Amino acid sequence: MNRDAIARHQAGVELQQAGHLREAAEAYLGALEIDPRLELTRSNLAMVYYQLGEVDQAIQQYRILLDAHPLNVKARYNLGVVYASIGRYEQAVEQYRQVLNLEGGHAMALHNLAWIYTQQKRYGEAIGVYERLLEHTPDDTQVLYQLGQLHRLAGDAVQAETYWRTVVTVDPRHVNALLALAELSRLRSDWKGVLKYALDALMVEPAHPAARIQAARAHMELLEYTQAATLLHTLAEEQPQLAEVRYHLGILYHTLGQLEEAAAQLAEAVRLGEHHFEYQNEYASVLYRLGLYDDAVDHFREAEALAPDNAVIKANLGFCYLQLGNRDAAQAYFEAFLARPAAEESIKLSVQCALDLI
């Protein structure tokens, strides 16, 4: 092996480690001019080009390397990373699959392949990849958690819960799994379950905002208003820019009939998270109860713009316009509400009665 080529290669390594990437590339190119067969030199050169942002050059060098050394797993994996970094996912997938043909348990290739499938909403394929990972590391909580996430995205809440329960069995301090189980409990309206998992999460991370919000919501649903208020006020003091906290404080005060305080909290929620239709709708509902019908209409219309298919917002606008004496607008919104297949049964009778009186 040519000593001059080796010397240039070593110089390139030292320059690359020092962050002198352009000079490192020149040193590696010099080594390859002397001996184009230097596998590690070409691999390092490809990486330097990638670090410089010269992606086409990096791909070219990896391609040359793999043409000569098709069994080079590291180079093939790195080429997959380069393709993925510029959104060329199918080419990245091709490289990762070839890596796995050579080394079936290559953890990073499996993780990256699963990530791409998840981004493409190919949940079944992503699940299959993570199950392959689980064969090698059956107690890997990251993999178990991701499998729960994927099953949830695929619509299989039962299997998702199974994986998340396994996570907290292996690691009782896994906050994300605890909160995922709390969310599943919320979807089942199991508020005692929500509270249990949220409090378990708070035992691990006492200041975790999402866990506090989940616990506060559960306390409200369980009519434990004092506990809910304590959690939310503490969080509001610590993180005054968190819109969701203001929103839930507004709901709490609305539930308690303290409309002025509810309006103040919801106005802040709208300011901090203005593109959230639930914030606008709840704020408008409080303004309606305060008799501020013009302002209520404005915010219901904002909510409608954000969620044009929401039937409840249309019913609310109908009642607002009825209070303002605009019967034509009220009738149009009531009819739009009733035309929705997902119209809320709980208010359908009220809407029909109001429409009959117009």
Side-chain angles (χ1 to χ4, degrees), residues 118 123 127 130-131 134 137-258 261-262 265-266 269 273 276 278-279 282 344 346:
T118 302
Y123 301 131
I127 287 169
Y130 274 122
E131 286 174 346
L134 210 57
T137 54
D139 291 332
D140 188 326
T141 55
Q142 180 185 359
V143 175
L144 290 164
Y145 176 75
Q146 288 301 329
L147 277 165
Q149 290 283 71
L150 286 164
H151 279 289
R152 178 74 185 90
L153 290 168
D156 189 348
V158 174
Q159 194 61 41
E161 183 172 10
T162 299
Y163 277 112
W164 287 331
R165 284 186 181 277
T166 303
V167 172
V168 297
T169 299
V170 175
D171 178 10
R173 297 176 60 81
H174 197 292
V175 171
N176 287 337
L178 290 167
L179 291 178
L181 288 166
E183 178 62 14
L184 283 183
S185 297
R186 183 189 70 80
L187 293 172
R188 294 195 297 262
S189 297
D190 173 13
W191 292 103
K192 289 185 178 179
V194 173
L195 186 58
K196 174 194 179 304
Y197 289 118
L199 292 177
D200 284 348
L202 288 171
M203 288 290 290
V204 181
E205 292 186 34
H208 196 290
R212 288 192 192 179
I213 289 171
Q214 286 276 36
R217 293 182 70 182
H219 280 308
M220 279 192 278
E221 292 292 336
L222 295 169
L223 309 184
E224 297 166 356
Y225 299 125
T226 301
Q227 295 95 319
T230 299
L231 280 167
L232 291 171
H233 276 296
T234 301
L235 187 52
E237 289 174 5
E238 293 174 2
Q239 300 198 36
Q241 300 303 309
L242 201 55
E244 190 178 1
V245 178
R246 301 293 180 174
Y247 169 66
H248 288 295
L249 273 169
I251 290 177
L252 175 60
Y253 284 117
H254 193 179
T255 302
L256 295 173
Q258 299 177 31
E261 184 60 32
Q265 294 293 341
L266 290 165
H276 201 303
E278 289 182 338
Y279 298 175
E282 187 70 19
E344 289 282 332
S346 60

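Computed from a predicted model, the values in this text were never measured in an experiment. The first residue of the sequence shown is numbered 1, and numbering continues consecutively from there. Scope of the values below: all heavy atoms of this structure, side chains included, with no hydrogens, waters or symmetry mates.
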For the residue pair A236 and R246, what are the closest heavy atoms and their distance? O-NH2, 4.1 Å

Under 4.5 Å between any side-chain heavy atoms of H276 and Y247, yes or no? no

Around atom CZ of R188, are there more than 12 heavy atoms from other residues, nucleotides or ligands closer than 6.0 Å? yes

Between R165 and E161, is there a side-chain heavy-atom distance shorter than 4.5 Å? yes

From L252 CG over to E261 CD, what is the distance, rounded to the nearest 0.5 angstrom? 9.5 Å

Is there side-chain contact between D156 and Y123, with at least one heavy-atom pair below 4.5 Å? no

For A262 and H254, the nearest pair of non-hydrogen atoms, with its separation, is CB-N, 3.6 Å

Could you tell me if the side chain of Q227 sits less than 4.5 Å from the side chain of L222, heavy atoms only? no

Here the gap from L232 atom CG to E244 atom CD, rounded to the nearest 0.5 Å, amounts to 9.5 Å

Out of curiosity, Y225 OH to T230 OG1, how far, rounded to the nearest 0.5 Å? 14.5 Å

Please tell me if the side chains of L144 and D140 come closer than 4.5 Å, counting only heavy atoms from C-beta onward. no

Show the nearest heavy-atom pair for residues A211 and A201, with the distance to one decimal. CB-CB, 3.9 Å

Distance-minimising heavy-atom pair for G250 and L266: CA-CG, 3.7 Å

What do you reckon, is CZ of R217 surrounded by more than 12 foreign heavy atoms closer than 6.0 Å? yes

With rounding to the nearest 0.5 Å, note down the distance linking CG in L153 to CD in Q146. 9.5 Å

Could you tell me which non-hydrogen atom of Y279 sits nearest to which non-hydrogen atom of G273, and how far apart they are? CD1-O, 3.4 Å

Donor-acceptor pairs under 3.5 angstrom involving side-chain atoms of residues 175-184: please list them, not counting sequence neighbours.
unit_1	atom_1	unit_2	atom_2	d
E183	OE1	R186	NE	3.0
E183	OE1	Q214	NE2	3.3
E183	OE2	R186	NE	3.1
E183	OE2	R186	NH2	2.6

Of Q239, E238, E205, H248, the one forming a side-chain hydrogen bond (donor to acceptor under 3.5 Å, both in side chains) with R212 is E238

In Å, rounded to the nearest 0.5 Å, how long is the span from CG of L235 to CD1 of I213? 5.5 Å

Specify the closest pair of heavy atoms between L134 and L147, including all atoms of both residues, with the distance to one decimal. CD2-CD1, 3.8 Å

With A215 via side-chain contact (heavy atoms from CB on, under 4.5 Å) - residues at least two apart: L195, A198, L199, L202, L231

Are the side chains of W164 and Q149 in touch, meaning some heavy atoms are under 4.5 Å apart? yes

